[in-house]
Number of protein chains: 4
Amino acid sequence: MAGTNARTGGRVRSEEARDAVLTAAAELVEEAGYGELTMEGVAARAGVAKSTLYRWWKTRPALVMDAYGPALARRMPEPDTGGVATDLVAFVEQLYRVVEHPFRVNALRGLMAEAQLDPSFAVRFEEWAQTRRAVVAGLLRRGVERGELAPDLDLEYAVDLVFGPFWYRLLVGHAPLDPADAEPHVRRLLGGLAATA
Amino acid sequence: MAGTNARTGGRVRSEEARDAVLTAAAELVEEAGYGELTMEGVAARAGVAKSTLYRWWKTRPALVMDAYGPALARRMPEPDTGGVATDLVAFVEQLYRVVEHPFRVNALRGLMAEAQLDPSFAVRFEEWAQTRRAVVAGLLRRGVERGELAPDLDLEYAVDLVFGPFWYRLLVGHAPLDPADAEPHVRRLLGGLAATA
Amino acid sequence: MAGTNARTGGRVRSEEARDAVLTAAAELVEEAGYGELTMEGVAARAGVAKSTLYRWWKTRPALVMDAYGPALARRMPEPDTGGVATDLVAFVEQLYRVVEHPFRVNALRGLMAEAQLDPSFAVRFEEWAQTRRAVVAGLLRRGVERGELAPDLDLEYAVDLVFGPFWYRLLVGHAPLDPADAEPHVRRLLGGLAATA
Amino acid sequence: MAGTNARTGGRVRSEEARDAVLTAAAELVEEAGYGELTMEGVAARAGVAKSTLYRWWKTRPALVMDAYGPALARRMPEPDTGGVATDLVAFVEQLYRVVEHPFRVNALRGLMAEAQLDPSFAVRFEEWAQTRRAVVAGLLRRGVERGELAPDLDLEYAVDLVFGPFWYRLLVGHAPLDPADAEPHVRRLLGGLAATA
DNA sequence: TCGTAAGCGAGACGGTACGTCGCGTCTTGTG
DNA sequence: CACAAGACGCGACGTACCGTCTCGCTTACGA
């Protein structure tokens with residue numbers, strides 16, 4: 001009665017195969033980079049038929065999303081320390097800490113690239129990005145409610161000010177991302193660029 | 001004396017072929033998007049041999065860079081109105097105006113994607129990005145000198161605050177870019193997020 | 001006591017499924033030709049599980065054999081009119097009449113093809129062919145006994161002279177098979193090619 | 001001016017590759033049989049790219065036709081000894097001699113099978129068969145002109161009487177083909193089945 | 001003015017990966 | 001047991017582009 005999906009008959013999906021695929025995909029991204037990852041290669045390393053791959057993951061980015069998405073999302077706590085400054089610093093520090101896992105950086109960059117090249121994937125990618133944005137948006141909203149932030153704040157743009165520079169550095173590589181910069185960056189963000197004197 | 005490189009004969013490069021290629025590349029990006037652009041396709045449309053293509057452009061992004069680079073770089077004046085606020089608004093407005101040329105957006109996104117997938121191109125792309133960053137950096141530096149901006153400003157990060165959100169919106173597509181937003185965005189940037197009361 | 005084979009329970013075979021499969025197979029041969037028939041396709045059209053198919057028919061030709069074998073064998077009376085000429089004409093006419101059922105032609109050609117590609121099926125196919133040869137052989141043997149045919153007749157080759165041209169036309173398609181040709185063909189066969197004058 | 005095909009530019013076709021492919025195809029038919037031959041396998045053995053294979057041979061039978069056609073055609077002399085009996089015996093003997101090359105038998109059977117399964121190939125196959133039929137038809141026509149054969153001879157059917165039993169035995173395998181049988185077979189063909197007494 | 005040294009279109013070449021299809025086997029229910 | 005469902009490993013399919021490589025032809029310079 002309360003059955004979620006009404007399967008009747010049919011061999012059950014092999015968790016073994018699923019795990020092997022996700023592991024293989026993760027390993028290949030780590031070793032050779034997202035650009036070098038091929039469906040063929042994943043299937044071979046996982047000891048799995050290509051048809052099985054395509055049965056469950058229609059495209060390459062969908063696969064990597066599944067292999068990396070959880071790992072990437074896990075590291076996304078919603079800090080709630082009572083002050084927007086400390087909340088933001090905590091979040092941004094965690095954000096910048098991705099550089100401590102170069103292969104995750106690789107995956108992130110690859111997924112972002114794919115989203116540019118494949119419109120159908122772009123949709124899924126944006127959805128994922130929205131889940132991350134929601135965290136920061138919530139955090140900022142609390143700051144507004146507490147009167148810590150400008151009441152006329154454009155939340156959308158404010159969130160962009162957090163993620164934008166992060167992605168920009170990640171993608172262009174002109175400057176390093178350093179967790180130690182989280183605090184000064186947030187301070188600047190809150191205080192603005194203009195001279196206070 | 002005049003010729004620096006010591007050519008001693010040989011057919012001269014065909015400007016006709018060069019133009020046909022760049023036109024074809026631009027058209028293909030416009031019509032089908034950067035992701036669909038292939039060297040094979042460009043050669044076919046341009047009525048040019050593949051060997052000619054590869055003689056002058058080693059890779060796909062190098063080609064698109066040539067086809068769009070000028071257009072992308074041209075519209076990047078260094079405003080100098082005497083005030084950092086007006087300078088910034090002028091620049092950012094111009095920046096956001098790229099959305100009025102959807103195919104340029106397409107090209108920008110494609111080049112960014114390629115930079116993620118092809119490390120050797122990443123270098124060229126970063127160089128190009130630096131030329132754009134230099135404009136903003138100069139503009140901000142003048143602001144500091146004039147005492148309009150905080151004297152301890154981290155120029156690098158400040159530039160990221162201008163370009164970061166721009167690219168982030170361009171790439172993720174969660175929110176539109178609107179030249180009309182240039183002024184409020186800059187105002188927020190200068191004033192910071194914190195409540196002024 | 002009544003049952004010869006000692007089945008001790010278990011669901012009984014579904015005649016419904018059997019019929020659905022044979023019908024589907026026949027239809028597919030008719031519609032798309034033997035070459036396009038697949039086990040997968042038959043199962044799908046019959047609304048039957050692949051496992052059921054394989055339980056009862058090991059191979060594609062075995063299936064088609066079951067679907068068409070009866071129809072092909074049925075119309076093969078052993079005429080016995082008292083004269084070899086009339087017997088032969090009756091048989092050959094009946095043989096040529098297969099062209100009135102194009103899908104049976106299709107099945108015959110497909111089975112012949114399969115016999116060339118699958119050695120294990122070739123055995124079954126030859127057995128089937130032998131049952132048909134036996135009819136003609138018997139008919140001819142009676143002719144020899146009655147003194148109508150050459151006493152030193154090579155029966156094997158004589159039978160080949162009946163079936164050979166039939167199959168050859170069926171398979172190569174260079175000339176039509178026409179039941180009306182049965183009589184002249186038999187006359188020529190009996191009289192030989194050499195001038196009688 | 002008299003140029004047969006007006007090629008202008010383009011790398012010339014590699015005879016090396018062509019030969020490697022035809023050799024590989026021939027070897028594979030010999031070793032494993034026509035049914036086991038795959039485009040993939042031929043390409044691998046020939047050390048040639050699959051794309052090269054498909055560039056020149058659209059289908060598997062087209063390839064085997066090219067690999068075996070010449071060999072099969074070479075052995076097809078047009079005997080002209082002055083008498084239809086000796087002409088026929090010479091031809092038929094040569095025909096039956098194919099059994100001395102089991103792999104050619106394999107190829108012939110495979111091609112015949114393919115012609116049944118692939119309508120588009122059937123056309124090419126019939127054309128090839130016609131070239132062989134023409135030889136026998138010519139031979140018989142001379143016999144008619146010389147008064148050796150019945151003047152009202154149905155040439156088409158007469159040719160079928162030569163090839164039909166040959167193919168029938170080749171395909172069904174119920175009886176061996178023996179070059180030594182050529183003479184008696186032809187004798188029977190000319191004299192007919194009916195008792196001469 | 002003529003030879004040499006490019007550039008050019010054409011297009012074949014060896015490759016790699018693509019995404020699909022059908023195979024025959026298997027593992028689940030349920031009847 | 002039979003059966004529907006359907007996932008699985010497998011192998012070949014035919015296609016698309018890749019980047020490289022001959023070809024024969026066409027320019028332009030400079031000796």
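Only heavy atoms go into these numbers, but all of them, side chains included; no hydrogens, no water, no symmetry mates. Labels below follow one simple rule: chain letters A, B, ... track the order of the sequence lines, proteins then strands, and each chain is numbered from 1.
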Side-chain-base donor-acceptor pair under 3.5 Å for B:K50 and F:dG19 = yes
For B:E16 and F:dT27, what is the distance between atoms CD and P respectively, to the nearest whole Å?
-> 10 Å
Are B:W56 and E:dC8 close enough that a side-chain N or O sits under 4.0 Å from OP1 or OP2?
-> yes
Which residue pairs pass the side-chain hydrogen bond (donor to acceptor under 3.5 Å, both in side chains) test with at least one member in residues 47-56 of chain D, sequence neighbours excluded?
-> D:E40-D:K50
Run the numbers on B:L22 and B:W57 for side-chain contact (heavy atoms from CB on, under 4.5 Å), then give the verdict.
-> CA-CA 11 Å; B:L22 295 181; B:W57 299 274; 3.8 Å; yes
Determine the minimum heavy-atom distance between C:A49 and C:A43, stating which atoms define it.
-> C-CB, 4.5 Å
Proximity to DNA chain E (any heavy atom under 4.0 Å), residues of residues 28-48 of chain B only | B:G47, B:V48
Rounded distance (Å) that lies between atom P of F:dC13 and atom CZ of D:R60 = 8 Å
Taking the side chain of C:R13 as heavy atoms from C-beta outward, which of F:dC3, F:dT20, F:dC8 is closest to it?
-> F:dC3
The reported gap from NZ in A:K58 to CZ in A:R124 (rounded to nearest 0.5 angstrom) is 12.0 Å
Nearest-Å distance, CG (B:D19) to C1' (E:dC8)?
-> 15 Å
Name the residue closer to the 5' end of DNA chain F, choosing between B:K58 and C:E15 according to the nucleotide with the nearest heavy atom.
-> C:E15
Can you check the C:W57 CH2 to E:dT25 C1' distance for me, whole Å?
-> 18 Å
Going through the checks in order, is the salt bridge (charged side-chain N to carboxylate O under 4.0 Å, His left out) test met by B:R60 and B:D118?
-> CA-CA 10 Å; B:R60 179 170 73 150; B:D118 178 351; over 6 Å; no
Return the 5'-most residue of the pair D:T59, C:A49 with respect to DNA chain F, ranking by each residue's nearest nucleotide.
-> C:A49
Polar side-chain contact B:R11-E:dA6 base: donor and acceptor under 3.5 Å = no
Rounded to the nearest Å, what distance is computed from the CZ atom of residue A:R55 to the C1' atom of nucleotide E:dG19?
-> 14 Å
Per B:T52 side chain, nearest of listed nucleotides F:dC3, E:dG9, F:dC13 | E:dG9
Flag for C:Y34-C:E114: side-chain donor and acceptor within less than 3.5 Å | yes
Can you list every pair that meets salt bridge (Lys or Arg N to Asp or Glu O under 4.0 Å) and has a residue in residues 21-39 of chain A, with sequence neighbours left out?
-> A:E27-A:R45, A:E31-A:R45
Counting side-chain heavy atoms from C-beta on, which of F:dC8, E:dG19, E:dC8 comes nearest to A:A17?
-> F:dC8
Between CG of B:D118 and P of F:dC18 the distance, given in whole Å, is 13 Å
How long is the line joining OH of C:Y54 and P of E:dT27, in whole Å?
-> 17 Å
A:S51 side chain: which of F:dT20, F:dC8, F:dC10 is closest?
-> F:dC10
Return the value, rounded to whole Å, for the distance between atom CZ of B:R18 and atom P of E:dG9.
-> 14 Å
